[in-house]
Engineer: 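Here you go, one structure.
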Amino acid sequence: MQSPEFLDRTFAGSTLAAWLWAAGTLAVVVLGLWLVKVVVLRRLDQIAGRTKTRADDLVVILLRRTRFMLVAWLAITIALRILTIPESGRELLGHIAVLAFLLQIGIWANGAIEFWVSGHTRERIATDASSVTTIRAVGFGLRLLAWTIVLLVVLDNLGVDVTALITGLGIGGVAVALAVQNILGDIFAALAIVLDKPFVIGDYIVVGTEMGTVEKIGIKTTRVRSLGGEQIIFSNAELLKSRIRNYKRMEERRILFRFGVLYSTPPELVEQLPRIAREAVQSQERVRFDRAHFAAMSDSSLDIEVVYYVLSPDYATYMDIQQAINLQVLRRVQEAGADFAFPTRTLHVEGSLDGLRASPEPAAETSEVQSRE
């Protein structure tokens with residue numbers, strides 16, 4: 001069966017039949033791909049609601065952000081294989097298809113970045129609220145970078161020479177970076193703090209001679225509230241260059257303390273003192289005894305050294321335990337008949353007492369003669 005003659009008419013290098021066939025193919029491909037997207041999205045959405053992983057949530061978000069442009073690009077690519085059109089028209093349609101695909105890539109990248117930012121924001125809003133600002137700032141920078149790359153690729157695809165533009169942006173970027181290098185250093189340091197988490201809000205840290213509780217982690221500075229009440233502000237870059245002691249991360253606290261008794265204490269009693277100290281420590285909860293020894297004979301006392309661990313980083317808990325140990329050691333040592341030492345010094349004087357008593361007499365005689373005169 002021959003086709004009607006009007007279908008053999010040529011338009012823009014292709015017959016009407018070819019144009020109709022391409023249009024039908026385009027419609028079928030667009031409709032089919034769109035239906036596949038809807039069905040797959042609905043199925044994945046149900047799966048994502050039952051799982052705790054974030055990967056399927058990301059896939060759902062990217063599918064939802066898939067625009068008609070990508071589907072049209074795939075359909076146009078297939079339809080162009082059917083038509084015989086001039087090279088200029090094929091090139092124009094190709095540019096439009098590539099442009100649509102690049103814009104879709106930008107939308108996907110933007111969605112992935114927003115997904116990352118929103119996820120980290122939800123995780124930190126309760127425990128580290130100040131880092132949310134840093135995360136959002138990083139997200140903005142990533143989105144700006146992604147769209148800049150897409151724009152450059154689009155311009156290059158349209159025939160624009162982007163080499164000079166990239167060179168200018170590079171030189172300008174270097175100039176700006178040199179001008180604000182300290183600020184950029186603090187910003188990248190803030191990003192390192194947020195990602196690496198050497199400390200978070202609420203941690204008690206010691207930096208050099210300064211110490212306090214972290215109150216805020218900003219883009220440029222970190223603020224710490226000292227024990228005296230004043231706020232200490234650290235530059236993020238300088239803070240990361242320092243050695244930071246984070247006492248909040250301490251799992252247990254090692255304690256060493258000493259007490260001394262008089263030199264007149266009998267050796268048998270001194271031998272009992274480490275046992276008394278050990279029993280005082282072991283009577284407490286949340287502690288681990290390490291050792292107790294007669295450690296030294298110092299200037300004015302016989303010293304007992306005790307080491308134990310408090311199984312809690314809390315300072316108030318440590319002070320309560322140490323107070324209870326001190327009271328028990330005080331009672332037990334006194335009950336054993338020993339006396340605690342205090343700083344003493346014995347003075348040895350050479351010569352007789354008669355000489356010391358006779359020494360003031362010449363001074364008295366002298367004063368008597370002076371009075372007579």
Side-chain angles (χ1 to χ4, degrees), residues 26 29-34 36-38 40-41 44-45 48 54-81 85 87-122 132-181 183-184 187-188 190-192 194-195 219:
L26 181 65
V29 171
V30 169
L31 182 60
L33 291 178
W34 197 257
V36 169
K37 173 196 169 183
V38 173
V40 172
L41 180 59
L44 286 178
D45 201 6
R54 301 185 62 188
D56 48 8
D57 296 332
L58 177 59
V59 174
V60 169
I61 289 176
L62 295 182
L63 278 177
R64 285 177 178 170
R65 288 177 175 266
T66 301
R67 300 293 184 258
F68 182 77
M69 293 180 295
L70 179 62
V71 179
W73 173 75
L74 292 174
I76 291 173
T77 302
I78 296 174
L80 284 177
R81 297 182 179 274
I85 59 176
E87 187 64 27
S88 59
R90 186 182 295 274
E91 185 177 352
L92 176 61
L93 292 175
H95 284 312
I96 294 175
V98 172
L99 177 62
F101 181 66
L102 291 175
L103 290 177
Q104 180 61 63
I105 290 178
I107 294 173
W108 279 340
N110 187 70
I113 294 170
E114 287 185 2
F115 176 77
W116 176 81
V117 171
S118 61
H120 280 73
T121 300
R122 286 194 301 269
V132 172
T133 303
T134 304
I135 294 175
R136 289 174 178 171
V138 172
F140 174 77
L142 292 176
R143 284 194 293 268
L144 181 62
L145 177 62
W147 282 112
T148 301
I149 294 174
V150 170
L151 177 61
L152 291 175
V153 176
V154 168
L155 292 176
D156 183 66
N157 184 71
L158 294 177
V160 178
D161 185 10
V162 297
T163 304
L165 180 60
I166 295 175
T167 303
L169 289 176
I171 296 174
V174 171
V176 172
L178 290 176
V180 295
Q181 56 182 334
I183 297 177
L184 290 176
I187 292 175
F188 283 113
L191 177 61
V194 170
L195 297 179
I219 295 179

Engineer: The criterion is side chain to side chain contact (heavy atoms under 4.5 Å, CB included); which residues satisfy it with Ile149, sequence neighbours excluded?
Structural biologist: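 By the side chain to side chain contact (heavy atoms under 4.5 Å, CB included) rule, Ile149 matches Leu145, Val153.
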
Engineer: How long is the straight-line distance from CG of Leu144 back to CG of Asn110, given to the nearest 0.5 Å?
Structural biologist: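 Here the rounded value is 11.0 Å.
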
Engineer: Starting at CH2 of Trp147, measure out to CG of Leu103 and round the result to the nearest 0.5 Å.
Structural biologist: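 Here the rounded value is 6.0 Å.
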
Engineer: Specify the closest pair of heavy atoms between Ile113 and Ala146, including all atoms of both residues, with the distance to one decimal.
Structural biologist: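 Here Ile113 and Ala146 meet closest at CD1-CB, 4.4 Å.
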
